[in-house]
Number of protein chains: 2
Amino acid sequence: MIREVDVTSMSDVARAAGVSAATVSRALRGEPGVSEATRRYVTEVAKRMKYAIARDASSLAGGRRFAIAVLTGDVGRGDLLAGAEGALRQAGFDVLLYVLGDAGSRTGFFEEMPLGRRVDGVLALSIVLAEAESAALATLDVPVVRVDDGDLRSALRIAVGHLIGLGHRDIALVLADGVDESYDEVLVAEGLEIRPEWTLWSSPTVVGGEQVADALLDGDRLPTAVVSSNGEVALGVFMRLRRDGRAIPADISLVSLDDRDLTRAVGITAIEGAQREEGERAVAALLGSIRGDGGSSVHGLSARLVVRDSTGPA
Amino acid sequence: MIREVDVTSMSDVARAAGVSAATVSRALRGEPGVSEATRRYVTEVAKRMKYAIARDASSLAGGRRFAIAVLTGDVGRGDLLAGAEGALRQAGFDVLLYVLGDAGSRTGFFEEMPLGRRVDGVLALSIVLAEAESAALATLDVPVVRVDDGDLRSALRIAVGHLIGLGHRDIALVLADGVDESYDEVLVAEGLEIRPEWTLWSSPTVVGGEQVADALLDGDRLPTAVVSSNGEVALGVFMRLRRDGRAIPADISLVSLDDRDLTRAVGITAIEGAQREEGERAVAALLGSIRGDGGSSVHGLSARLVVRDSTGPA
DNA sequence: CTGTTAGCGCTTTCAG
DNA sequence: CTGAAAGCGCTAACAG
């Protein structure tokens with residue numbers, strides 16, 4: 001396709017404004033060394049001509065790229081991405097998106113490393129990087145900032161604290177398969193008694209949650225509160241308990257350590273990562289690095305309790 | 001931050017390979033006019049030197065940008081985005097992401113139009129563009145491809161067809177607020193009788209769905225099936241009916257015209273857009289346009305019924 | 001098939 | 001404060 005169009009270039013603007021291209025460049029970028037009057041006038045003219053700096057040429061000449069690569073394994077974590085994108089756009093950076101969800105595209109990406117000399121920094125959002133992958137990124141010689149999912153332990157601590165504050169002592173903990181650590185100490189630390197039958201594992205699905213609820217209902221005593229590490233499991237527990245005639249939160253309170261569309265929709269109290277904000281914070285850190293020390297860093301999603309309708313007094 | 005590094009440029013490679021820069025350029029891009037032997041050797045050397053073409057310079061000189069702007073209003077539609085990104089990356093295009101979720105960033109974007117001379121095409125994913133916005137994009141003079149949500153009418157047709165196949169005749173239709181058209185004709189066309197009290201409106205929330213279910217339960221006759229235009233509403237209906245002791249699908253079948261995490265998790269039969277595939281198809285169309293006629297086009301998410309556990313014989 | 005020569009549209013010294 | 005000149009690293013004619 002041939003496009004023979006609107007090549008309003010900087011020199012066009014310069015000519016129209018009766019100054020040199022250098023002055024236009026300085027004026028438009030807010031560089032010092034231009035009188036305010038000139039700057040205003042040039043900006044004016046540029047806008048009238050709908051002129052926009054050609055990034056390619058600008059990068060080539062200036063050495064800066066004004067672009068950040070955003071790597072993510074899971075577009076589902078939408079707000080994190082949205083927050084980061086907004087902050088970057090506002091700061092004048094392009095966002096080059098790379099969705100590294102499946103193994104194929106992921107290995108492909110790290111083999112090709114298509115970022116060479118193309119970005120000023122890298123943001124890795126909720127994707128756990130292998131050693132080799134981190135190393136590959138390091139060769140780009142630009143700052144890398146990672147945002148990981150918040151850690152379960154502290155989320156659990158917050159949830160349990162909330163429940164204890166409501167007077168609960170009998171708290172069951174449902175962990176999604178794959179979670180292999182023990183979290184008893186968190187309960188112990190709060191002075192709670194550990195009952196083995198109240199620590200349950202479940203596949204990370206709604207059906208799994210329903211089975212867990214069944215197991216709970218079959219026990220000789222029901223806890224007054226349930227904490228689930230996974231949102232879908234929480235929903236399963238919620239639905240089964242309700243169907244069994246248990247009122248939530250009157251009979252049983254429920255907290256999810258994982259906040260999702262699901263839990264939000266149903267009104268389940270949950271620990272949410274402040275995703276949007278964290279995305280913005282990560283961008284701030286990255287831009288700081290770019291301007292400053294060039295260092296890399298790792299951020300955890302900050303945990304925050306959102307009390308909804310599934311928790312109440314014991 | 002000062003970066004005084006690895007500026008392996010094309011001429012470095014050329015020197016190392018004992019050829020001219022032009023030859024390296026041709027060889028690396030697969031352009032004709034290079035002997036196979038030379039191409040192989042040059043490629044070899046380049047790889048060994050870890051050389052990667054500088055996109056900026058390449059674009060500047062060549063006039064092509066190898067970048068596509070992807071506009072989306074809703075990162076939640078993850079698979080569409082993932083599909084498009086994968087296809088674009090494979091084709092060698094950068095993806096410049098713009099999340100135009102909230103009004104502020106959206107108007108900001110269309111006022112600034114930061115894309116001038118920066119992309120070879122635009123992909124608008126599940127975002128309905130206003131007249132003025134389309135016009136703004138048109139000024140970029142690059143192909144624009146849009147992928148819209150599938151249309152409700154055809155989704156409804158599929159859902160109703162499915163239910164009728166299962167023997168249902170008493171079908172209630174729940175529309176989320178904002179849907180203003182009448183869909184009676186779809187039912188009529190299938191030979192169904194229209195009962196006004198079985199066409200209900202609801203806020204697009206779980207609570208709204210629960211209220212709808214209440215209204216249904218209060219009626220003098222219960223439909224044998226419910227179709228909801230919205231996933232969250234469907235979930236609300238689902239939960240309330242179950243709590244009221246109605247078995248799904250034994251007593252009542254339920255179909256959502258909108259497939260989401262929610263409906264998937266709970267196992268509600270739904271009409272899903274084949275998002276990933278559609279993303280790839282849109283990219284194919286866009287790349288075709290870029291190479292060819294430069295035309296723009298609109299794609300609908302292709303509707304597909306996913307039968308889960310919420311529908312069964314009447 | 002390959003090399004040479006001009007730029008692409010900016011930013012950046014360096015003078016003025 | 002402003003302008004002129006010299007590239008940034010490539011690609012695209014044009015010659016050989």
Side-chain angles (χ1 to χ4, degrees), chain A residues 2-43 45-46 49-67 92 94 116-118 120, chain B residues 2-43 45-46 49-67 92 94 114 116-120:
Chain A
I2 289 113
R3 237 173 281 131
E4 7 54 343
V5 270
D6 66 282
V7 253
T8 339
S9 74
M10 192 176 257
S11 46
D12 294 332
V13 178
R15 201 170 315 121
V19 296
S20 73
T23 298
V24 174
S25 174
R26 291 191 273 249
L28 260 30
R29 284 177 307 143
E31 287 281 287
V34 195
S35 74
E36 258 319 301
T38 312
R39 186 188 306 278
R40 235 194 307 280
Y41 181 56
V42 168
T43 310
V45 172
M49 298 177 74
K50 290 184 161 215
Y51 170 73
I53 286 183
R55 280 287 234 266
D56 298 324
S58 176
S59 310
L60 220 212
R64 295 173 59 196
R65 264 151 284 270
F66 298 101
D94 281 340
R117 295 116 120 275
R118 233 111 74 61
D120 300 305
Chain B
I2 290 115
R3 235 173 283 131
E4 6 55 341
V5 270
D6 66 282
V7 252
T8 338
S9 75
M10 192 176 256
S11 46
D12 293 333
V13 178
R15 200 170 316 122
V19 296
S20 73
T23 299
V24 175
S25 174
R26 291 191 273 252
L28 259 30
R29 285 178 307 144
E31 287 280 287
V34 195
S35 75
E36 258 320 301
T38 311
R39 186 189 305 280
R40 234 195 308 279
Y41 181 56
V42 167
T43 309
V45 173
M49 297 177 76
K50 291 185 158 211
Y51 170 74
I53 287 184
R55 279 288 234 267
D56 297 324
S58 175
S59 308
L60 221 211
R64 295 173 59 197
R65 266 151 283 271
F66 299 102
D94 281 341
R117 296 111 121 277
R118 232 110 77 60
V119 296
D120 300 304

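None of the values given here were measured: they were computed from a predicted structure. Every chain is numbered from 1 and lettered A, B, ... according to where its sequence line falls, protein lines coming before strand lines.
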Interatomic distance, [X] [atom1] vs [N] [atom2] [rounded to whole Å]:
X: B:R15; N: C:dG3; atom1: CZ; atom2: C1'; value: 15 Å
X: B:L28; N: D:dC10; atom1: CG; atom2: P; value: 10 Å
X: A:Y41; N: D:dT2; atom1: OH; atom2: P; value: 13 Å
X: A:L60; N: C:dG7; atom1: CG; atom2: P; value: 17 Å
X: B:R118; N: C:dC10; atom1: CZ; atom2: P; value: 12 Å
X: B:M10; N: D:dC10; atom1: CE; atom2: P; value: 5 Å
X: A:R64; N: C:dG9; atom1: CZ; atom2: P; value: 22 Å
X: B:I53; N: D:dG9; atom1: CD1; atom2: P; value: 14 Å

Taking all non-hydrogen atoms of both residues, which atom of B:L60 and which atom of A:L60 are closest, and how far apart?
CD1-CD1, 3.5 Å
Give me the atom names and distance for the closest heavy-atom approach of B:S20 to B:A14.
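Here B:S20 and B:A14 meet closest at C-CB, 3.7 Å.
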According to the side chain to side chain donor-acceptor pair (under 3.5 Å) rule, which pairs have a member within residues 30-40 of chain A, sequence neighbours left out?
A:S35-A:T38, A:E36-A:R39
Evaluate side-chain contact (heavy atoms from CB on, under 4.5 Å) for B:R65 paired with A:D56, printing each intermediate quantity in order.
CA-CA 9 Å; B:R65 266 151 283 271; A:D56 298 324; 3.7 Å; yes
Counting the atoms with a prime plus P, OP1 and OP2 as sugar-phosphate, which does B:T38 contact under 4.0 Å by heavy atoms, base, sugar-phosphate, or nothing?
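Since only primed, P, OP1 and OP2 atoms lie under 4.0 Å of B:T38, the category is sugar-phosphate.
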Do the non-hydrogen side-chain atoms of A:Y41 and A:V19 ever get within less than 4.5 Å of each other?
no
Is the shortest side-chain N/O distance from [X] to OP1 or OP2 of [N] below 4.0 Å?
X: A:S9; N: C:dG9; answer: no
X: A:S20; N: D:dA4; answer: no
X: A:R55; N: C:dC8; answer: no
X: A:S35; N: D:dC1; answer: no
X: A:Y51; N: C:dC10; answer: yes

For nucleotides 12-16 of chain D, give me every protein contact, N/O to N/O, under 3.5 Å, one pair per line with atom names.
from   : atom 1 : to    : atom 2 : distance (Å)
D:dA12 : OP2    : B:R29 : NH1    : 3.4

If you measure from [atom1] on [X] to [atom2] on [Y], what distance do you get to the nearest 0.5 Å?
X: B:R117; Y: A:S9; atom1: CZ; atom2: OG; value: 7.5 Å
X: A:M10; Y: A:T23; atom1: CE; atom2: OG1; value: 10.0 Å
X: B:R118; Y: A:I53; atom1: CZ; atom2: CD1; value: 10.0 Å
X: B:F66; Y: B:D120; atom1: CZ; atom2: CG; value: 7.0 Å

In terms of the nearest nucleotide of DNA chain C, which residue is placed more toward the 5' end: B:A57 or B:V19?
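The residue mapped nearer the 5' terminus is B:V19.
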Helical bend (five base pairs per end, nearest 10°) for the helix from C:dC1-D:dG16 to C:dG16-D:dC1:
30°
Donor-acceptor pair, side chain of B:R29 and main chain of B:A27, under 3.5 angstrom:
no
